[in-house]
Amino acid sequence: MFPDVGLPELFTLAILAVLLFGPDRLPEIIQSAAEFVRKVRANSDGAKEEIRTELGPEFKDFEFEDLHPKAFVRKHLLDGDGAGLDLGLDDIRNALDPRRELTEVADAVREAADRTEPGTAAPAVTLEKTARRPEGAAFDPDAT
């Protein structure tokens, strides 16, 4: 019910309860709180049973916990055990993963390099920036 309440928090609450209510009144307050919780649970169970009877016999095994979205998905889509339907997420991940294509390109480059003769080198490719200048104009290397 309270997953983040640890031993230090419980100890602090107990000290606070003793200081607020006193050691002589504390047992009767705990009893009345426990009785209140029992009544709330009984009313909740009665309401659940009333809803089940109103829904009819086909919902006899209906559990309200199944209405939680995680439990609903686990029960109806994943066959109850969390496995079975992967919703195609692996296919989407594989389609968007560039590693396979890069591996194919790298393999093709390696094969092409292996087919060339060992003494010959591949032609060097250089990229130069060329500027257009009008015909007859002198070349100025400082101009951009």
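Hydrogens, waters and symmetry mates play no part in the numbers below; they use all other heavy atoms, side chains included.
Note on I15 and L13: separate hydrophobic clusters, where clusters join Ile, Leu, Val, Met, Phe, Trp and Tyr whose side-chain heavy atoms are under 4.5 Å apart, directly or indirectly. L16 and L26 fall within the same hydrophobic cluster, defined by Ile, Leu, Val, Met, Phe, Trp and Tyr side-chain heavy atoms under 4.5 Å apart, directly or through other members. Each of L102 and L96 belongs to its own hydrophobic cluster when Ile, Leu, Val, Met, Phe, Trp and Tyr are linked at side-chain heavy-atom distances under 4.5 angstrom.
Considering only heavy atoms from C-beta on, P27 stays 4.5 Å or farther from Q31 through its side chain.
With sequence neighbours left out, the salt bridge (charged side-chain N to carboxylate O under 4.0 Å, His left out) criterion links K39 to E35. Applying the salt bridge (charged side-chain N to carboxylate O under 4.0 Å, His left out) rule to D24 yields no partners; only residues at least two apart in sequence or on another chain are considered.
Put simply, the side chain of E49 never gets that close to the backbone of G46: no donor and acceptor are under 3.5 Å apart. Side chain of T12 to backbone of P8: a donor-acceptor contact under 3.5 angstrom is found. With hydrogens and angles ignored, the 3.5 Å screen pairs no side-chain donor or acceptor of R25 with any backbone N or O of F21.
Taking a 6.0 Å sphere around CD of E50, one finds it holds 12 or fewer heavy atoms contributed by other residues, nucleotides or ligands. Surrounding CD of E28 are more than 12 heavy atoms belonging to other residues, nucleotides or ligands, all under 6.0 Å away.
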Applying side-chain contact (heavy atoms from CB on, under 4.5 Å) to F36 and V40, what does each step give before you reach the verdict?
CA-CA 6 Å; F36 175 74; V40 168; 3.8 Å; yes
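Here the CZ-CG distance, from R41 to N43, works out to 12.5 Å after rounding to the nearest 0.5 Å.
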